[in-house]
Amino acid sequence: MHAFHLLLLASGLLMFVSLLAGVFSARLGLSFLLVFLAAGMLIGVDGPGGLRFDDTQMTAWVGNAALAVILLEGGISTPMASVRAGLKPALWLATLGVVLTALMVGAVAMAVLQVDWRYGFLLGAIVASTDAAAVFSLLRHAGIQLPERVSSTLEMESGLNDPMAVFLTLAMTAVIRSNAGPGELLLLLATQAGFGLAIGLAGGWGVAWLLNRLTLTVEHSGLLALIVLSGGLAVFAAAGLVEGSGFLAVYLFGLQVRARAEAAAHAASSALDGFAWAAQASLFVLLGLLVSPRQMLDMAVPIVAVVAALLFVARPLAVWLCLAPLRFPAAQSLFIGWVGLRGAVPIVLALFPLMARVPDSYRFFNVAFGVVLASLLMQGISLRWVAHRLGVVEPPALPPDTERAVQGRLWLDANLPLAEVFAFFQLPVPHNAGPSLGDWLTDNLARGHGAGDGVEWHGAHFEVGEMVDGRVSRVALALRSRDPQAE
């Protein structure tokens, strides 16, 4: 038991310190995920901790489970309005965009790594897809209002492009290992997409039907979250058992549950967000443990070449080619091209050829890890600056102060519909908000909030007035005159 307590103490302290460091790093525009990667590298074989960890099988298992939770939470948090706005461009980017990106990066990889086309395209496929965890996290904490079509496209693309990247990685691994032909690859694609689509939609419909008939309310949010989570993991596993795409299945499952059982989905969303954070943290610490910074330094030249090709040529060009027929403004296409963040997905995909014993595949893992670090650093830090420079930030749609319906301080019932409250006070309705004023306020406050905690929203201050049985029951609202210089 002594060893168990020491292990628990070390794990708890590591997570606690990493979370605190993430809070402070977020103020600088750095992604939370970078902190967990750094924590894993510090306790890993080349860091002060010196812990040797090389279990790729366990890392792949944890990685797939964690990505399933992250994609589930992303689907649950996506309203149908966002689906309608971003589905068509996201589908183009998640299919043709991934293939084009993989081809262009693969051509550069062939030159800098001196490998044939099969290995070059394999590396291109590994790093071609954007990462749901990174994109969801950055967009929701960026502090800027993007056009709905842009934000919806980015979020849906990151949820839908993983299956294509997985297919391409598995396909090229099969070509290298067994010289698989076109017929086998087409069968693999049909199986992955067909079973993933069918199981995800059917599972989402079934669980939504069940949730609508259970007598569970927001007070049972933890139980609702566990029902949704267990259902999503079952769908992910079922798709995998029949060689379908579990990633596609679990994301579609989340979208279906949100669309067909919105009240239950929103009640479960706060707890699911916590599960997703735990999954991200565990996965990124484990990936940091697995990498060897010394080996990455030995491959600095090919890593820099692949990073430059991906961030400055392949991704922007693929986005432009996919979105040009859809008449996206040039500034929005450039922004979407820049905000194609890479995260856990490329690193987890790089484990596939390692487990299949593809020759020299350790180099792909090191390159993928370098791509992720560069993406989170360069694209993550510059997101706000790029958005403002390209003019894609939307100003709040507020009327002049003289047209405000009411000014002063009021007490409101937390159960009032959010849309009606914001319409009455002429405030812009937040994207992806809950049905009631109390739900929205709870979503925007830290866990463990209490009376006196508040949220600023476009010149209005919403504050927890009273709480009953752990839930917000009354909200204090103060409307202030706006200062144009502050915006």
Side-chain angles (χ1 to χ4, degrees), residues 71 73-94 97 130-161 251-252 254-260 262 265-266 269 273 319-320 322-341 379-380 383-399 417-423 425-435 439-440 443-444 455-460 487:
L71 286 168
E73 192 274 333
I76 286 289
S77 63
T78 304
M80 282 307 298
S82 296
V83 174
R84 288 189 288 269
L87 180 59
K88 189 174 182 179
L91 282 175
W92 278 107
L93 292 173
T130 59
D131 184 76
V135 171
F136 292 160
S137 174
L138 193 64
L139 290 182
R140 294 175 190 178
H141 298 90
I144 54 176
Q145 182 71 29
L146 298 173
E148 184 179 12
R149 196 182 187 198
V150 173
S151 60
S152 299
T153 297
L154 284 167
E155 290 200 10
M156 291 205 68
E157 178 206 3
S158 68
L160 292 172
N161 63 12
Y251 185 65
L252 292 177
L255 290 176
Q256 277 283 89
V257 172
R258 171 63 187 257
R260 296 180 178 274
E262 185 167 5
H266 182 75
S269 62
D273 184 58
V319 168
W320 180 78
C322 291
L323 298 186
L326 302 179
R327 298 183 179 179
F328 267 74
Q332 293 185 6
S333 292
L334 283 172
F335 181 76
I336 293 172
W338 181 246
V339 191
L341 272 83
Q379 295 172 302
L383 182 140
R384 292 188 187 91
W385 182 83
V386 171
H388 284 287
R389 289 290 294 178
L390 292 175
V392 297
V393 179
E394 285 195 337
L398 285 174
L418 181 73
E420 294 181 12
V421 172
F422 277 45
F425 292 106
Q426 299 179 342
L427 295 169
V429 179
H431 174 65
N432 202 20
D439 289 331
W440 171 75
D443 289 346
N444 285 274
V455 171
E456 294 288 339
W457 184 257
H458 298 291
E487 299 190 6

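- Across all their heavy atoms, V339 and L154 have their closest contact at O-CD2, 3.8 Å.
- Judged purely by atom type and a 3.5 angstrom limit, S158 uses its side chain to pair as donor or acceptor with the backbone of E155.
- For G337 against V319, the heavy-atom pair with the smallest separation is CA-CG2, 3.8 Å.
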Inset, instruction - Go through the steps to decide whether M156 and L91 satisfy the test side chain to side chain contact (heavy atoms under 4.5 Å, CB included), and finish with yes or no. - result: CA-CA 8 Å; M156 291 205 68; L91 282 175; over 6 Å; no
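- What you find for L146 and S151 is that their closest heavy atoms are CB-CB, 4.3 Å.
- V392 has its side chain out of reach of V150: every pair of non-hydrogen atoms, C-beta onward, lies at least 4.5 Å apart.
- In this structure, F422 has its ring center under 6.0 Å from that of W440.
- Between L334 and W320, the closest side-chain pair of non-hydrogen atoms is not below 4.5 Å.
- What you find for L427 and A460 is that their closest heavy atoms are CD1-CB, 3.9 Å.
- In this structure, the side chains of I76 and V257 come closer than 4.5 Å at one or more pairs of heavy atoms.
- Put simply, the side chain of R149 reaches to within 4.5 Å of the side chain of L326, judged on heavy atoms.
- Here the side chains of T130 and L341 are not in contact, with every heavy-atom distance at 4.5 Å or above.
- Taking 4.5 Å as the limit, some side-chain heavy atom of F335 sits within range of a side-chain heavy atom of L383.
- Across all their heavy atoms, E157 and A90 have their closest contact at N-CB, 3.6 Å.
- The shortest side-chain heavy-atom distance between Q332 and T153 does not fall under the 4.5 Å cut-off.
- Here S152 contributes atom OG and K88 contributes atom NZ; the two are 15.5 Å apart, rounded to the nearest 0.5 Å.
- Enclosure of atom CH2 in W338 by more than 12 non-hydrogen atoms of other residues, nucleotides or ligands within 6.0 angstrom is indicated.
- In this structure, the side chains of L323 and W92 stay at 4.5 Å or more apart for every pair of heavy atoms.
- In this structure, NE2 in H388 is found 8.0 Å from CZ in R384, a value given to the nearest 0.5 Å.
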